[in-house]
Amino acid sequence: MTALKSSKEQLIQEIRDLKAQRQALILAHYYEEGDIQDIADVVGDSLYMAQEGQRAKEPVLLVAGVVFMAESAKILSPEKTVLLPDPQAGCSLVDHSPYDKYLAWRQKHPEALAVTYVNSSALVKSITDVTCTSSNAEKIIQSIPPERKILFGPDRNLGRYLAKKLGREMELWPGACEVHVLFSARKLFELKTQHPEAPVLAHPECDEVILESADVVGSTSRLLKEVKENPARTFIVATESGIFHQMQKARPEAQLIQAPAEGSCACNECPYMKMNSLEKIRNALRDLQPQVELPPELIAQAQLPLQRMMDITAGRSPEPWPTQFSPVSV
Ligand code: 13P
Ligand code: SF4
C-alpha cells in the first residue's frame, strides 16, 4: 500500500515536472478519475474546456477527455500542440453520426440550419452551421431566426429536451449516449420514494422518462452548481460517476446517490473517459505524443461552427447564417 502510494506520488511529481518543462496546460473533464482532475490546471464541462483551451497562453494543451474534446481544442487553436493521452477515447455519439449519413441528411434539407452537439467528429462539424454543448444549447437555438428550420444532432435526447423546453420544432438525428440511456426509470422511481426530499439532477443526454422525473436538467457544470448551492443534504444524480469527485469536494457532508441502471453493472461509467490514466498522461507529456493532427482544410471548415458557438456564447455577433447548405469537399 505504502509502495503503491509512493509510486503514485512519484508519477504525479513526474507529471508536474514535465508539465513545466513542456509549458503545457492540462484540461480535464469532470468524468475523469479524481486523481486526474486533481492534477489538472483546468477542470470543467466541455464548453469550459474549449474556452480555456482557446484562451490558454501555453503552447501545449493536454486534453484529459475524449477525442472530440481534443479535436475541438486543436480546431480552435491550430497553432498549439494538442495531446490526447489515449487516442481510442471515443464517444458513442460520434460513432452514431458517420459523416456520409450526416451529409446525406443535410443534403435532404438544404434550406435548414444544422446545430450540432460538440460530441461529434471534426468531419461532421465541417458540415455544420453552429455547434453547441449542453450548457449553451438553449442560447444557441434561441439565436437562430425563428423562420429557419433546424436540424439537431447527434443526441436525440438533448434535441428532444430543447425542442420541448423552447417550443421550437427541430428535426432530430437518432443518436444517443450509451452511458446516459442506461439509467432505469423504474429504479429511479423507487429511489425517489425512499428519498422524497432529494432533488434529482440529470444530464440532458438521459432518456425522456428520466428527464421528466428530474428537478434539475443540465450540463455537468450546472449539476455541480446545484449541489454547491442547493441546501438539500441528499441528491440523486443521473450522470457519469466522475462528477461525484467535485460534488463531494464541494459538499463533503452531502449524500450523493447515483441513479441506478437496470441490473448491477457499473454502466454509469463512460468507458472512453476512463481510458485516460496518470501513466498515459505522463507518457504523453514525456513523448509529446499522441498528438491530434487534422488537415488544415478540415480545421478551417470546422472552425466556423465552433467559432460561431463561442461568439454567441460570449454575446458577440457571429458570422451571418448561410441561406442554403453548400458542402465543400473535405
Ligand atoms: P458536458 O458538456 O455537460 O460536460 O457533457 C459532456 C459529455 O460528454 C456528457 O456525456
Ligand atoms: Fe460520449 Fe456519453 Fe461518454 Fe459523454 S458519457 S463522452 S456522450 S459516451
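Whatever order the structure lists them in is the order used to number ligands and atoms, beginning at 1.
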Undergrad: Quick one: nearest non-hydrogen protein atom to atom 2 (O) of ligand 1, plus distance?
TA: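 Nearest neighbour among protein heavy atoms for atom 2 (O) of ligand 1, to 0.1 Å: Ser46 OG, 2.5 Å.
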Undergrad: Taking 4.0 angstrom as the limit and counting only heavy atoms of Ser134, give me the atoms of ligand 1 inside it, by number and element.
TA: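 Here the atoms of ligand 1 in question are 1 (P), 2 (O), 3 (O).
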Undergrad: In the protein, what heavy atom is nearest to atom 6 (C) of ligand 1, and what distance, to one decimal place, separates them?
TA: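 Closest protein heavy atom to atom 6 (C) of ligand 1: His29 NE2, 3.7 Å.
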Undergrad: Go through ligand 1 atom by atom and flag the ones less than 4.0 Å from a non-hydrogen atom of Ser219.
TA: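 Listed by number with element, the hits are 3 (O).
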Undergrad: Please check if Phe244 and Val216 belong to a single hydrophobic cluster, counting links between Ile, Leu, Val, Met, Phe, Trp and Tyr side chain heavy atoms closer than 4.5 Å.
TA: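 Linked, Phe244 and Val216 end up in one cluster.
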Undergrad: Check each heavy atom of Glu240 against ligand 1 and say whether those closer than 4.0 Å belong to the side chain, the backbone, both or neither.
TA: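 Neither; no heavy atom under 4.0 Å.
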Undergrad: Regarding Asp17 and Gln13, is there a side-chain donor-to-acceptor distance under 3.5 Å anywhere?
TA: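 A pair is found: one side chain offers a donor N or O, the other an acceptor, under 3.5 Å apart.
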Undergrad: Under 3.5 Å, side chain of Arg55 to main-chain N/O of Ala50, donor-acceptor pair present?
TA: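 Such a contact is absent between Arg55 side chain and Ala50 backbone.
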Undergrad: Count the heavy atoms of every other residue, nucleotide or ligand shown that sit under 6.0 Å from CD of Gln324, and state whether that count exceeds 12.
TA: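 Yes, because the 6.0 Å sphere around CD of Gln324 holds more than 12 heavy atoms from other groups.
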Undergrad: Do Leu103 and Leu151 sit in the same hydrophobic cluster, where Ile, Leu, Val, Met, Phe, Trp and Tyr count as joined when their side-chain heavy atoms come under 4.5 Å apart?
TA: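 Yes, Leu103 and Leu151 fall within the same hydrophobic cluster.
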Undergrad: If you draw a sphere of radius 2.8 Å around atom 2 (Fe) of ligand 2, how many protein N/O/S atoms end up strictly inside it?
TA: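 My tally for this metal is 1.
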Undergrad: Checking contacts here: is it the side chain or the backbone of Leu47 that comes within 4.0 Å of ligand 1, counting heavy atoms only? Could be both or neither.
TA: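 For Leu47, there is no contact with ligand 1 at all, from either part.
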Undergrad: If the contact criterion is a heavy-atom separation under 4.0 Å, does Ser135 count as touching ligand 1?
TA: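 Ser135: no contact with ligand 1 (<4.0 Å).
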Undergrad: Centroid-to-centroid, Tyr102 to Trp173, below 6.0 Å?
TA: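 That pair passes the under 6.0 Å test.
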Undergrad: Any side-chain donor-acceptor pair under 3.5 Å between Ser46 and His29?
TA: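 Side-chain D/A pair, Ser46 to His29: absent.
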Undergrad: Go through Glu205 and Asn157 one step at a time and tell me if the side chain to side chain donor-acceptor pair (under 3.5 Å) criterion holds.
TA: CA-CA 5 Å; Glu205 290 171 11; Asn157 287 329; over 6 Å; no
Undergrad: Side chains of His245 and Asp38: do they bring a donor and an acceptor to under 3.5 Å?
TA: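 Side chains of His245 and Asp38: pair found under 3.5 Å.
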Undergrad: Atoms of ligand 1 less than 4.0 Å from Asn119 heavy atoms?
TA: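 Close to Asn119: 7 (C), 8 (O).
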Undergrad: Taking distance alone, with N or O pairs closer than 3.5 Å, would you say Thr133 contacts ligand 1?
TA: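 Looking only at distances, the answer is no, because the N/O contact criterion of under 3.5 Å is not met.
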Undergrad: I want to know if ligand 1 touches His203 in the polar sense, i.e. an N/O pair below 3.5 angstrom.
TA: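 Yes, at least one N or O pair falls under 3.5 Å.
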Undergrad: Can a donor-acceptor pair be found, under 3.5 Å and without considering hydrogens, that links the side chain of Lys125 to the backbone of Tyr117?
TA: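 Checked: no pair found.
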Undergrad: Starting from atom 9 (C) of ligand 1, find the nearest protein heavy-atom neighbour and note its residue, name and distance.
TA: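 Protein heavy atom with the smallest distance to atom 9 (C) of ligand 1: Glu205 OE2, 3.1 Å.
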Undergrad: Please report the closest heavy-atom contact between Ala214 and Ala202, naming both atoms and the distance.
TA: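 Result for this residue pair: CB-CB, 3.8 Å.
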Undergrad: Test of understanding: given a 4.0 Å heavy-atom threshold, classify the contact between Tyr30 and ligand 1 as side chain, backbone, both, or neither.
TA: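 Under 4.0 Å from ligand 1, Tyr30 contributes no heavy atoms.
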Undergrad: Look at the side chain of Ser77 and the backbone N and O of Lys80, then say whether any donor-acceptor pair between them is shorter than 3.5 Å.
TA: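 No; zero donor-acceptor contacts below 3.5 Å.
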